[in-house]
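What follows is one structure encoded as structure tokens, with my remarks underneath.
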Amino acid sequence: MKLNKKIITVMSVVCSLFLVTVIYLTYFMLFEAKEISNSTYNQRIWAKEEKVLRGNIFDRNGVVLAESEQTEGRQKRKYPFGKLYAHTIGYNNRTYGKTNLELNFNDYLLKTESVIDVLKRDDSDKSLDKGANLELTFEHEMTKLASSLMEGSNGSVVAINPKTGEVYCMYSNPTFDPNEENLLKNWDELSAREDSAFVSRATQGRYAPGSTFKIVTAATAIESGFGNFSLTDSGSVKIGGHIFNNAGKKSYGNITMHEAIKYSSNVFFTSISQEFSKKSFEYMAKEFHITKKIPFDLDVKWSELDFDAMDNVEIASTAIGQGKLQLTPLNMALVSCAVANNGSIMKPYIVNRAYHEKGNTIYKAKPSVLSSPIKMNTAQQIKEYMISCVKGGTGTRAQVGGITVAGKTGTAENEKKGKTHAWFIGFAPAENPQIAICVMKEYSGSGGGSVCAPIASKIISHAYKTGLISAN
Amino acid sequence: MQEIISKILTYIFVIIIYLFIYVIIRMIFLDIHTMYRKKSGGFADAYLKLINLRQDLDFPVDESYEVSDNEVIGRGKKCDISIADRYLSTKHSRIFKSSGKFYLEDLESTNGTYLNGEELTDKAVELLDGDKITVGRINFLFVLPSKGE
Amino acid sequence: MEKRMLSIKPLFLLITANLLGMLIVIMNKDIQSENIVYLCALMCLINVIAYLVINLCALGDGYLFIIISMLSSIGIIMQTRINSDNGIRQMMLYLAGVFCYFITIIVYKVFHKYWNRLTLVYFGVSILSFILTALLGAVKNGSKNWIIIGGISIQPSEFIRILFVLSLAAVLTNGKFKKNKDQVEDKKMKRLRLGIVAIIAYINAFCLLLQREWGIAVLFFAIYLSYLFIYGDSKLFFSANIFAALSAGFIGVKFMSHIQVRVSTWLDPFADATGKGYQILQSMFAISAGGFAGSGIGHGAPYFIPIVSSDFIFSAICEEMGVLGGIAVLLLYFVLVYRGFKIALSSTNDFNKAVSIGLSVMLGVQTFIIVGGVVKLIPLTGITLPFISYGGSSMITTFIALGILQAISSMKGEVTDEIE
């Protein structure tokens, strides 16, 4: 019957409305709920959080970096060292929400002991359950030192143990005080600042790496069989109609890769970039996680680079860390780690473990290999060159008495004329590397060898003196 | 402690609601199924399916008729398939089974029996699945479910 | 008459759910009144009696009532959990609703010959109550749609829903229009019929819009469109109406600030998170807090949600019983709506058929409008969730509506009466 057919059509429409609602609800729960419930407007979070005393955060030696106190029925998060850890630990307050580790490790900081422990406890005990504490890999004194060394300039210092991936220090300037009352007071001013104090340079800032990137170019060349490449460096070279000059148009004569790294020859590396294939360059960039996400306790930016679409000039520019290439200081620190650790990059981490006061650990970071971009021999070869760069090349100011430092300087041109970024990457002691470092000063206008290498030297020397690293 | 218990009880509560829905839907399904069986389908063996729209005919006729060994179609009340169509003879035609095959035969009806549009002569013709049988104003489809299953 | 199998399985599950639900609520709440226990027992008793009466006295469809009872039980449990006084009142409303349900069945069956002749009465009463609300109405939640009579506040728009369905069904199936010689309706008559339907629908919708009852206005329009689709042969007229609705909606969004606000908070509730987007955000937070399994009855935080006991009750269910609990509730409505349409399909009386279509569409679309609204699938319009939301008018009307469906399902044999 025609009428019944139409009724069935209407019924199908009405019933499909239910179906749509069910599908939407499921979709919402699977993909949107988490993000929405993290909103600062959600009083539920705070209601729930008030029931648990948030866990504290310590550095590797037990120095308190963040702690919660219960006052007048309300919790307060305190950061005793103010601006030192704003870009890594972040902040946690009702007005502005959570960031960085406070956000990414929120579940642990609020995780109370297991059900069984709770069941054992007397119900009349009204004291708050305590969330798990975090123990970081940071070394507080080193961070403090980095902060004082970076005073007055913007940039970042990253120090990592290349053997394990533990991050000893990660500091970015400019920074801000994450304590709630100061944040409230300064928020508008901070938001208005042109040099964006909220941006963590180490993980979120991307910069042209300049000559420090020659390490990656050298690695590609050696792995592609051009390790013995040599040429006569006359101070400039013309590639695809574009002239590349050495710094100060200096000519170094007949040089191999060794001298090229030692003195940072642009002629050598732009020329060698025309020898190996784009594919191998692209592969190396990916293996060094330059064009690939770095899994980390904090969010890290990475670059999208299409090597295939680059012409010879662009490849040559990329080979000396200019052109479209931009990467984070953390990324450059990992490049240094690869050379230091026989060609393998260990996955970097900040949170060593999360544990309850009574002692049971509920989270433990396990050192693991992130990638192995280069062979051991290649790493050894580049290491030699980097040692001689610090010994007698552009990086002499990174030297530390008593131990051998390997390194590479960089001075990167950018959109602001004359305001180059200064870089230094390196590691020490060269014979048995225990610390890899990346120092970057943005828009400093000076060379990496003169402004960044000394900072690296002081950090390494601090690590040596405090026993964090040993001479052999 | 209390929270855990009420959580578990809530799960049970929700599970009971789902069980309830399941039981209801199953009952509805069984209802429809029996109604469907009664009305039209479910024949293991061959059957005739009405092709005409029933509302076009001014006499009652079923949607389908089961065909077993020997079925006489006609206007007569004693016929196996009795339909009050004025254009049917009292005994109009016959479908019978012989050595596993079905045959259609005209019983000297006034208006004749048609198989796939062709009038039958005095000889019985074998029926195949999908054949169209016309008697009076009625069109039937002969359905012979394949035995393979 | 069909053979009836009496299965006590669903009844058993219903009673178990009732008792278990109440147990959880009482466990988590200091409830002073012991009335709640008696009332709960009475409710279970009524469940059993009503189920047996319907099934043994062959009062038609055997599923409607048991599903309604399950929905009401979930409603009562949630209401008691939020506010035990409301819970007790909701239980009494349920009992009153069941009473109305059976009265409706009897009245509808006894006077079945007259219902399709009362178009003018239905329409007149609707208009009268609109006027009364406008004159005497009290304002609640931004809408002037309450009349307070002798201390009891009544929401007339709830009752008008049924009158609306009855009036449209009466016009659509009225035999008078068929009164030419062939009993076949000629085109002119058909046009006249649809014209009257359109006039009734638009006047009702207009009055509702004046009262700012967006939700119910949309609901009316959905019922009207379904009728047009089923009974009107003219595709042109159907599309013209859809076009009219769309342009009205467009004008509303463009020029009427109330509708504008609703749409913009739907698109981006965070834009004014502490103001206009507050309600919907609280609802979203509640649903996400519950997850799939829920926080457990009594352990969520539904009091963060505004008007949680009526419009936003579904969010509270999702928070405490999980999205899986919410989906279970939706499935119950789904089966209920399906039964409604099934009754429409098997009804042999034209008027009854039309009425059951209207009531089924009403139930289905109303559920969708409010559930879709609180989960942010569609813009939010305040309307009650049938059988679960707290509120007398809504509860009683929905019971009456479903009572009519039940009555219709028991009158299968009836054929359309011809009016000479």
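If you're wondering where the values come from, they're calculated on a predicted model, not measured in any experiment. Just so we're on the same page: letters track the sequence lines, and every chain starts at 1.
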> Without hydrogens or angle criteria, can the side chains of A:Thr328 and A:Arg206 be said to hold a donor-acceptor pair below 3.5 Å?
Replying inline: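 Short answer, no.
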
>> Can a side-chain donor-acceptor contact be found between C:Lys353 and A:Asn4 if the only test is distance below 3.5 angstrom?
In response: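 Checked: A:Asn4/C:Lys353 side chains pair up, N/O donor to acceptor below 3.5 Å.
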
> Looking at C:Ala344, C:Gly291, C:Gly372, which has the largest count of heavy-atom pairs under 4.5 Å with chain A?
Replying inline: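 Going by pairs under 4.5 Å, I would pick C:Gly291.
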
Go through the atoms of [X] and report whether side chain, backbone, both or neither lie under 4.5 Å from a heavy atom of chain A.
X        : answer
C:Leu377 : both
C:Tyr278 : side chain
C:Phe334 : both
C:Val337 : side chain
C:Ala222 : neither
C:Ile287 : both

>> In terms of relative ring orientation, are A:Phe18 and C:Tyr333 parallel, tilted or perpendicular, with 30° and 60° separating the classes?
In response: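 Taking C:Tyr333 first and then A:Phe18, their aromatic rings lie parallel (interplane angle under 30°).
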
> Which class fits the ring pair A:Tyr363 and A:Tyr108: parallel under 30°, tilted 30 to 60°, perpendicular over 60°?
Replying inline: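 Taking A:Tyr108 first and then A:Tyr363, their aromatic rings sit tilted (interplane angle of 30° to 60°).
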
>> side chain to side chain donor-acceptor pair (under 3.5 Å), that's the test. Do A:Glu357 and A:Asn133 meet it? Break it down for me.
In response: CA-CA 7 Å; A:Glu357 220 120 88; A:Asn133 293 335; 2.8 Å; yes

> So which of A:Glu69, A:Glu67, A:Glu180 actually passes salt bridge (charged side-chain N to carboxylate O under 4.0 Å, His left out) with A:Lys78?
Replying inline: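 Between A:Lys78 and the candidates, salt bridge (charged side-chain N to carboxylate O under 4.0 Å, His left out) is satisfied uniquely by A:Glu69.
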
